[in-house]
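What follows is a single structure, written as structure tokens, with notes after it.
For the numbers below, each heavy atom of this structure counts, side chains included, while hydrogens, waters and symmetry mates do not. Chain A is the first sequence line, chain B the second, and so forth, proteins listed ahead of strands; every chain is numbered from 1. Note that this is a predicted model, so its numbers are computed, not measured.
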Amino acid sequence: MEALINYLLNTALNLHAPEWVILLIRHLLVATILFLVVPFQMLLLTYFERRVIARMQDRVGPNRVGWEGVLQPIADAVKMFTKEDIVPAAADKGVHLLATGVVVVPTMFMLSVLPWGPGMTPVDFETSLLFFFAISSVSAIGLVMGGWSGNNKFSLLGAMRAVAQMISYEMPAILSILALVLMTGSMSISKIVEAQGGLIANLTDLPKVPDLGLGWLLFTPVGFLAFVCFFISALAEGERTPFDIPEADSEIVAGYMTEYSGMKFGMFYLAQYVLNFALCAITATLFFGGWQGPGVSQLSAMGANNQLFSILAGALGVVYLLLKTYFFFFTMVWIRGAFPRLRIDQLMGLGWKFLLPLTLVNIFSAAIWAACIHWGPEQGLAFLSAFGPWKRWAIAFLSTLVINLLAATLLVRINSSAESSMPKLVEDQKFGAVTLP
Amino acid sequence: MTVKIEIQRGSAVPLSRRHPKFLGQGMLKGMEVVLDHWFKSFGPKLENFSQTAGIFTTEYPEERLKLAEAYRNLPILLYDDETGQELCTSCLQCEKICPPQVIHITQTKDPSTGKLVLAAAEFIIEYDACMGCGLCAEVCPFDSIKMDHHYELSTADHASLTMHKADLLRPVSYYQSLAPTFWEQTKENAYKKLQNTVKRRSGLLGIAPSMVGKVQPPETKPAE
Amino acid sequence: MIEAVPLEWILTVAAALFCIGLFGALSRRNAVGILMGIELMLNAINLNLVAFWRYLSPLSSTGPVFSLLIITIAAAEAAVGLAMVIAVYRAWQTVNLDTVDALKG
Amino acid sequence: MEIVVQILFMLISALIIIAALMVVSVKNIIHAALWLFTSFFAVGALYLLLEAEFVAVIQVLVYVGAVSILVLFAIMLTRHVTGEGQNQLYSRWWLGLILALTLFGAIIVPTVFKQKWNIPAPTVVTEPQNAEPVVAGVADIGKAFMREYLLPFEVASLVLLVALIGAIVVVFEERTERRVILTLAESWALRQKESAKVDQ
């Protein structure tokens, strides 16, 4: 891309542009593309969610505007734009306005570190995984700003709930991701994706497996447990049902969005859907191989000789990533269709008493995995290098499986026995209903 | 083990949930149910309410639910298909019983004699204030007023909701198509009364305006 | 690319930040405001550490390690400090520290 | 390229200083908190300029993501103290100002104007691909934490634990009774149970 811009500016137009101008143009171009992707995804996601949830509830969903209602989000957008923008008289006007930006911008940044295809990461650096979560927590400030500035009890309550939820679920999310960092030895998202080539076992663990792009981290016990914990946390961070306590419309109107109308409300809406998209994409990327899939690595290998093949590989990678992302978004909608909202104490209990210890144990087993696969005489484990890679992989798999299963069972036991100090519900033989002992 | 508990409105069936074999079994079951509904929504449409899956939405302008015979919206007046004679005799019973008082009737006078004729000269119902209670249809001794099934009345023109006699008149066959069994029950009585009424009408009086010219006016009754 | 900026500039910024934080910590009445001043001062120190590391010994990782430790301490300090602010508020119904003077002789 | 970096540096440091000044001078304490996060964020940007990626990300994660939220929570839990309309500074605030200004002078004059910083020549940017990295990366920091700085690392974790427990102990409010809100099914079952007891 830089070569192309360089050619256009310096060779074709003969402008003698310095290097930083080319770099700037390149980054601006990528940023523009990303900013175009964002609203488009949001429009598509709202339509997708409404249609899917309608089908799950035996309804049809919006199907009037355009063919099967595909233009419905555009109609909604027009409605948003033309609505009156009302700011409460007692509101803190500056903060009220700024909050929308503070909420939206970080979610856009989140997309900038995602690897969309082989070699297609807009900004690639060593700590991009940590950056992804760090920047996502910035929008919590925007929520507090929005909730506080409206001078409304409902918005303040919603903001407090949202922030308490985001903070407490960031811990299990980041801790479950740390297990993957231990396994792959890198904190760069693109490196984690690249490490997931292979078939069931990935190429770094077992170099001889065929590379079908299916060596997903999900297929390891550590990765599976991390996926479960992470996806639950992602639901809570994206404020999806059953964790949509901050904007529980049957309790506190619309939470922190209560005092917003028109396009400002639309911005909050946009931020939420983009955040959900980013969370789905990062789930697909970290656990389900991102752009990895059958054929991508072969195509990009052929791309060394012919530029066309590497373009094809990129396109195929983007398709794989989007398919996985939309599958996860479908799962989010599916969960929304199936489960009722949690109570706030249940939410906190689940986060702190169950997910957090589980992820800590998972990090421990990830360390065992890394030791079994990568360590040798250098670390004082000379006996491990005597085994072949298959044997080491099997040892790692079995030992982490046992540890994780034990931890999960133990935690379920502890949590259910902790409940027994509260009024416990026991099945009644006669009515099949519940009674208190 | 399921036990039916009789409660006031129907019966509640509490389901026995056995202890789950593994963590999250109930949640997975719930998700399975939802997914099942999602798959079935692409199948045939739900036709009656005993079915539990499939889309039940009626996409209104294209599809309409069949209305029950007893459905009532706003009142209309009937006239006989063949002779064009209105069933209404302007007895003023409906005007008197109408709770919001939206019915206004002018009785007909024979232009030659100046006597009252059993027919309405003008019959106005203000549809905008009518509440559709159906008392007029209940009270009408000649089965002239019936309740219509037409409900798409929304308009930007408020004045057009004041319905005059010409707007209200419908042929008997129209009502028969709406409520065949009800008409079957009252048909005989209604026609008998109509014949009696027609005997006391003369010329074109009492003939629906849209039918004038299409039917022969009844023979003028012999002067007494 | 940072070579374009002399070290003195960064040191000046850090010193200014530190002094502003000091002023805030010394003259704010609100306990939360004082904590904010302290946070600013800690940030200034971090900035200094990272700048020195980058210019003088970029290949060793001492600078980031120290600044990370300071960030850890700052987080702990914020947690305890704000907990104390809330405790003070419960007891006194105010967070203005010049009215909280029960220990004055 | 140099001028771009210099302008960038100027902008970021101006943002840091202005935001910090607003923190100590605005009357509304929530506005002060918001300016504080602006300052934190700008410091993070300066870290990025200094090629300390990991520190920058941690700065955003800890300061902007956690400390700021903590500050906002503390402000909102202590109601009616946003402090608009009342004096936010001590009556003798000028003492603090004089002290701060003196300190600034005392720091700046000897370090910036008298000291000759012995900075090595700028490293050449155009290097071969497999050259040694110019700055220490995340892996180096991790190794440092696990080897020469293991004791400070452990102490820091202990400090965090103590802070966690301490904060809970300081703020914990003992309730006289704990209320459990029952669902409909639970309360129905409870009533059944109680009526059965009465029958016996």
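- At a 4.5 Å heavy-atom cutoff, Leu98(A) makes no contact with chain D through either its backbone or its side chain.
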Item to check | Audit row: Phe41(D), Val138(A), side-chain contact (heavy atoms from CB on, under 4.5 Å) steps and yes/no | outcome: CA-CA 10 Å; Phe41(D) 212 81; Val138(A) 174; 4.0 Å; yes
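- Neither the backbone nor the side chain of Leu24(A) comes within contact range of chain D, judged by heavy atoms closer than 4.5 Å.
- A 6.0 Å sphere centred on CZ of Phe339(A) holds more than 12 heavy atoms belonging to other residues, nucleotides or ligands.
- Proximity to chain A involves both the backbone and the side chain of Phe54(D), based on heavy atoms less than 4.5 angstrom apart.
- For the set Val60(D), Leu61(D), Val62(D), Ile58(D), the entry with the most heavy-atom pairs within less than 4.5 Å of chain A is Leu61(D).
- Here the shortest heavy-atom pairing between Ser137(A) and Gly65(D) reads OG-CA, 3.5 Å.
- One finds the CE atom of Met145(A) at 8.5 Å from the NE2 atom of His31(D) (value rounded to the nearest 0.5 Å).
- Remark: Asp92(A) CG to Leu34(D) CG distance equals 8.5 Å, nearest 0.5 Å.
- For a residue to count as touching a neighbouring chain, one of its non-hydrogen atoms must lie under 4.5 Å from one of that chain's; by this rule Ile141(A) touches chain D with backbone and side chain alike.
- The shortest heavy-atom contact between Met160(A) and Phe73(D) is O-CZ, 3.7 Å.
- Other residues, nucleotides and ligands place more than 12 heavy atoms under 6.0 Å from the NZ atom of Lys93(A).
- What you find for Val57(D) and Phe131(A) is that their closest heavy atoms are CG1-N, 3.6 Å.
- More than 12 heavy atoms of other residues, nucleotides or ligands shown are found within 6.0 angstrom of CZ on Phe125(A).
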